[in-house]
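Sequence lines set the chain letters: A, B, ... in the order given, protein chains first and strands last, and positions in each chain run from 1. Remember, predicted model here, so these are calculated numbers, not experimental data.
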Amino acid sequence: MKYDFFKIEKKWQKFWLENKTFKADNNSKKPKYYVLDMFPYPSGSGLHVGHPLGYIASDIVSRFKRSKGFNVLHPMGFDSFGLPAEQYAIKTGQHPKKTTEENVLRFKNQLDKLGLSFDWDREIKTSDSNYYRWTQWIFLKLFNSYYDHGLNKALPIEKLKIPKNLNEKEIESFKDTKRLAYVDTINVNWCEELGTVLANEEVIGGLSERGGFPVIKRPMKQWVMRITDYADRLLNDLSELDWPESIKLSQKNWIGKSEGAEIKFPIDNNFIEVFTTRPDTIFGVTYLVLAPEHPLINEITTEKYRKSISEYVELASKKSDLERQENEKDKTGVFTGSFALNPISNEKIPVWISDYVLFSYGTGAIMAVPAHDERDNKFAKKFDLKIIKVIDGGKKDECYTGNGSIINCGEYDGIDNIKFKSIVVEKLESNNKGNKTTNYKLRDWIFTRQRYWGEPIPIIYDENKKRALEFDDLPLELPKVESYLPTNDGLSPLARNNNWVNISINGKNYLRETNTMPQWAGSCWYFLRFIDPDNNNEFANKDLIKHWMPVDLYVGGAEHAVLHLLYARFWHKVLFDLGYVSTSEPFKKLINQGMILGNSAFAHRIKNTNDFISFDMIKDEKTQKIHVDISFVDKNNRLNIEKLKKNNPEFRDVNFIKGESFYVSRDIEKMSKSRYNVISPDDICKRYGADTLRMYEMFLGPVEQSKPWNTGGISGVFSFLNKFWKLFHRDEKFYVSDDQPSDEVLKIYHKTVKKVVNDIDNFSFNTSVSAFMICINELSSMGCSSRNILSNLCILLSPFAPHICEEIWSLLGNDKSISYEKYPEFDEKFLEESIVEYPVSFNGKLRFKISLQNNIEIKEVESLVNNHKLTNKYLDGKSIKKIIFVPKKIINIVF
RNA sequence: GCGGGUGUGGUGAAAUUGGUAGACACGCUAGAUUUAGGAUCUAGUGCUUCACGGCGUGGGGGUUCGAGUCCCUUCACCCGCACCA
C-alpha cells in the first residue's frame, strides 16, 4: 500500500474539524497550557512558506503538551484592521470589510491544509464589532483612569485627589491632565503619503515603517496614551520574563532610562532648565543650547539676533527627522544674544539654539560641556566657543568622556568625578537650583490615526469642542462613508459622514471623535478574548482569565520587539492594576521564529537599453538587476524565456543576449510577491503533503534562525515519511507483529524518545527530526515490526507529522484520535551499555580503542596500564605521570 | 559611535558539563535494479597524501593531558538603537 498523503491528510483534516478534536475545555481538571501564535494580518497575497514556520513549531508544542496530559489552549484569529485593506478600498471602492473577509477565508483554508491544531471555535477578528466593542471599552477604562505614583498603579479617575479651591471646570481639566488616555496638541509624526499620524515606534530612521515614506513633525491635536507612567514597571518586569535577551534589550533601549539631574540656569528674571547625566561637569559648562522648538527662545532672543534666530527656527521646522539626522556630523546653530548664569560657578555663559538638541527629550535644552561631550565639542570647535577641562584624563585638547579626578574647580579639585556628581546635586538641591531626576527616552504613545479601517474612538465632544466625554453605548460601529480617503485638512475619512459626526443625546448636541485607533490596539489584548470569545457581558470572564493566563508560550516574529509587545504589556498592566486580569505580565515565554527567505532570480538589463544579457556573458557592461519569477528559472539558473514572455508582457519586446542559455543571477531576499520569489505552501502540500512540509520546515534549522528556503532538500524528509509508512507494511499490506522487541530495538527506541522529548522542551525541532530519521533507518534495517514499539513511535511522531500518524493509529485498530494518547516516556535502563569502547589516548592524541565493562573502576584501568599490556608500544621506555579517566568514555595517559 | 549576535565541509546544519568535530539531510561519485524516472536500494564523500600520516571549527595568541566550546586579541558579516545630553 502506497503512502497516499493526499487522501490521508484530507481525511484527517475533515475528522479533526468535525469532531472538534482540538476544542479547549474551560472546565478541565488537567493542568492548563496556553500556546499562542502572533495572529496574522490577512493580506491579499495569501501565505508563503515563511508564515507557517512559527505556527508549525507552536503546533508541535501544543500537540506534545496535549499528549502529555495538559489542557491546551491553542487559538487562532486575525488582526484584520489595517492599512492594506484600506488602501485597496481607496483604489477600488470596495468596502474593506468585504476584502478582509475574503482574505480571512483564504488564510484559514491555507492554515487548515497544514494540519494545525487550532481551536477554531475561538476564532476572533479584530474588525468584528463584537470584538472591537471591548477594545473600545478598554480605551474608556484608560480614559477613566490615572496613575497613582505613590501606590505605583493605575486607579479609577474618581479616586484622584483633587487640589482644593478648584471650581467645577477646573476640576475637570485637572482630571484631564492625569488620564491615561488624553488629548494633547503635540508635535506628531505626520506621514503625508499615508495621510496619517504615526507612533514613534512606527517611524524608523525618519521614514514610515510601512512603505518607507518620509515623516515630518507637525503639531496636531491627538489622543495619546500615558505609557510613560509605566516606564519603570515595563523596564523592571522584563527581568522576570523568559524572553530572548535581544528582545528584552530592545525594549530596555527603547524605554531608555537614564539617571541624572535637572538644573536651572537663571536668565534675566527667568531660568532655563536642562537635563544632564553629568552634573559632575557643571564647572565645564561653557554655553547652553536650546532646541529650536523651545518656548523660551522668543523671550530671550535679543533684537540684534532676532532675525537670524527666526530664520533658523523656521528652517528647522521644515526639516524632516531624516534631514536632521543627515547633518549629524556638521553641527548648525545660532546665538540668541542672551547669557545665562551657571548656578554653581556663577559664570556668565552664552545661550545658543541648535537642532542637535531634541525638543522631545529631557527638557529640550542642554548644558554644553565641550571638554567632555563629543557633540558639544564639535559644536564648540565650529563656533569657537570656550572649552574648559574639568576631569583629568584623555589626551590634551581632545574630548574626554571617561571618569577621573576633578580639575579646574578650585576647592573641589582631586575629588573623584563619580563622587562629585552627588556633591553637585546636593548643592543644587539645597539652593533650589536643581534636583536629581530620571529621564526616559520613551514618549507617550500617539494613539490616533486618520484612517477609516480601524476602531472608532468612543468619545464625543460638547458643542464647543472644549471637553471630551466618554461615549459608552458600545460597540460604536464604523459608519458608512462615501470615500475612504483622508480629507484634505488631515481629518479621518469618518469626518466625511456628517450624519454620524453630529449626535444628539438627551436634547444636547455633540460631535464625535473622527479619528480611529492604530492597528496595535486590537492586538493589545486579543490573547484575553481567546479565553472567552463569546462573552457579551465582559471582555472575558475573570475566573477564566485566572485559569488560562498567562500565555505559557508565545511564538512570533522579532519585528514586534518594541511595538506590539510593548503596547500589549502596557495595556495588560493597566488591566492588572484595575483588577481585570490576574497577572502583571501577559506572555511568560517568548520565542521568535526566524524569517524564511526567498531565493530571488534576476535578469540583467544593460543600462539605458532594452537589451537583457545572460549573467555569464557580462563583462564591462553596466547592468540593472530586474526580478524575474523564480518559477521560470531552473536549478542551473537558466531562464525559460518563452514562459517569461508569455506570462510577463513587459518582457515581450525585450532582446535577450545569450549563448546557449540565458542565465540569471540569484540573491537571498525576503519572500514577497513583488520580488517574484514566493514559494507557496499549497504547492508543497500538493507535491509532498503537509506532513512533509511540516517536518521539512522544522528540519531546515533552528526555529529562531532566519534561513533561505531551498526546496531541494525536501526529498530527504519525504522519503523518511515513506520509510516510516513502510515500517508498518509487509508485502503491500499493513503489518505489525506481537514479537518481543530485541534489546537493540529497545535501545534505539528509548534513545529516540529521550532525544525527542528533550528537544521539544528546548525548541530544538531540527535535531528531533534527525533523531526520527536515524531511528527509522535503524529499525527498518533490523526489520522491527513490534506492535508495541511501532505504535509508541507513532505517538512520538504525531506532533510533527499528525496526519500519517493518525492514519496508522487507526490502522492499528484504535478508534480515537491519537491527539490525546499518552506521550511515550523513556527508560534509562535500556540506554545503559555494558560493554563500551573506550578511546585511549597518549598525551591527548588518540591512539586506539579498548572495550571495557561500562562500570569499570579507574584502578582497574591503572593496573591494566601498569602491567604494560596496553602501553609498551607507545610509551617507548618513558614513565607514566598520570592516567585520566573521564566519564565521557576517554582514557588519557600522560607521560 | 553604542549595544547585541553569528562565523564549523560543496549546501542546510549537529556536537549536555571542555572529552573520538562534521550526526542527520541535500548535493556529488560509483554500483545494482528498472523500458524509463525528479523512483528504489548499496557503498563512498572535510582537506591533503599512492600510502603511513599530516592538517582542519574566520585569523593570531593563551589556559589545559585534551578547546568548536574557556580567556585575550584581531578580522568579517548580520540585527537593534542612533545628535537621547
Side-chain angles (χ1 to χ4, degrees), chain A residues 204-206 244-254 256-258 260-261 274-279 281 289 291 324-331 354-358 360-369 372-376 378-379 401 439-443 558-559 561-562 635 687 695-696 699-702 704-720 722-723 726 755 758 762 764 766-775 777 781 837-849 881-895:
Chain A
I204 293 166
E245 279 310 309
S246 61
I247 301 283
K248 288 199 203 178
L249 207 81
S250 293
Q251 294 218 349
K252 198 181 152 199
N253 289 342
W254 190 261
K257 181 177 183 169
S258 54
V274 305
F275 173 73
T276 180
T277 55
R278 299 293 304 272
T281 59
V289 191
R324 272 197 181 195
Q325 282 163 24
E326 274 166 4
N327 294 336
E328 196 175 319
K329 277 169 198 124
D330 189 28
K331 301 258 179 290
S354 170
D355 63 5
Y356 86 88
V357 174
L358 305 175
S360 57
Y361 184 77
T363 58
I366 60 154
M367 56 178 227
V369 188
H372 304 290
D373 181 284
E374 284 181 23
R375 294 150 301 179
D376 299 342
K378 272 182 197 144
F379 191 85
T401 54
N439 230 307
Y440 299 91
K441 236 170 86 181
L442 184 71
R443 303 286 86 193
E559 66 273 21
V562 286
K635 62 178 177 182
R687 196 123 133 206
M695 291 203 82
Y696 185 56
F699 182 68
L700 269 176
E704 298 94 331
Q705 199 172 299
S706 289
K707 56 232 151 188
W709 177 264
N710 171 16
T711 310
I714 203 167
S715 62
V717 174
F718 186 59
S719 67
F720 157 74
N722 275 291
K723 278 184 210 162
K726 275 188 193 158
K755 176 87 181 135
N758 193 29
N762 293 315
S764 174
N766 54 332
T767 51
S768 42
V769 174
S770 294
F772 280 120
M773 289 179 173
I774 296 165
C775 176
N777 278 340
S781 72
E837 283 215 315
Y838 285 85
V840 178
S841 58
F842 293 86
N843 281 354
K845 296 207 172 174
L846 187 74
R847 301 296 156 131
F848 58 87
K849 292 174 182 177
K881 261 192 209 146
K882 62 175 169 178
I883 298 171
I884 297 156
F885 181 69
V886 287
K888 271 283 178 164
K889 299 182 199 171
I890 292 260
I891 297 166
N892 187 38
I893 296 165
V894 188
F895 58 91

Side-chain N or O of A:Asn253 closer than 4.0 Å to phosphate OP1/OP2 of B:G4: no
Six-ring centre of A:Tyr356, A:Lys331 cation under 6.0 angstrom, axis tolerance 45°: yes
A:Phe718 CZ - B:C24 P separation (whole Å): 22 Å
Spacing between A:Lys755 atom NZ and B:C24 atom P, to the nearest angstrom: 13 Å
Shortest non-hydrogen separation from A:Met367 to A:Arg278 and the atoms involved: CE-O, 3.6 Å
Distance test, side-chain N/O of A:Gln705 to OP1/OP2 of B:A13, below 4.0 Å: yes
side-chain N/O A:Ser770 vs B:A13 OP1/OP2, d < 4.0 Å: no
Among B:G4, B:A13, B:A25, the nucleotide that comes nearest once only the side chain of A:Lys707 is considered: B:A13
Syn-anti status, with the boundary at 90° from 0, for the nucleotide B:G58: anti
Side chain of A:Leu700 (C-beta onward), nearest among B:C83, B:A85, B:G12: B:G12
Any side-chain heavy-atom pair of A:Phe720 and A:Tyr696 under 4.5 Å: no
Residue met sooner reading RNA chain B from 5', once A:Pro702 and A:Asp376 are mapped to nucleotides: A:Pro702
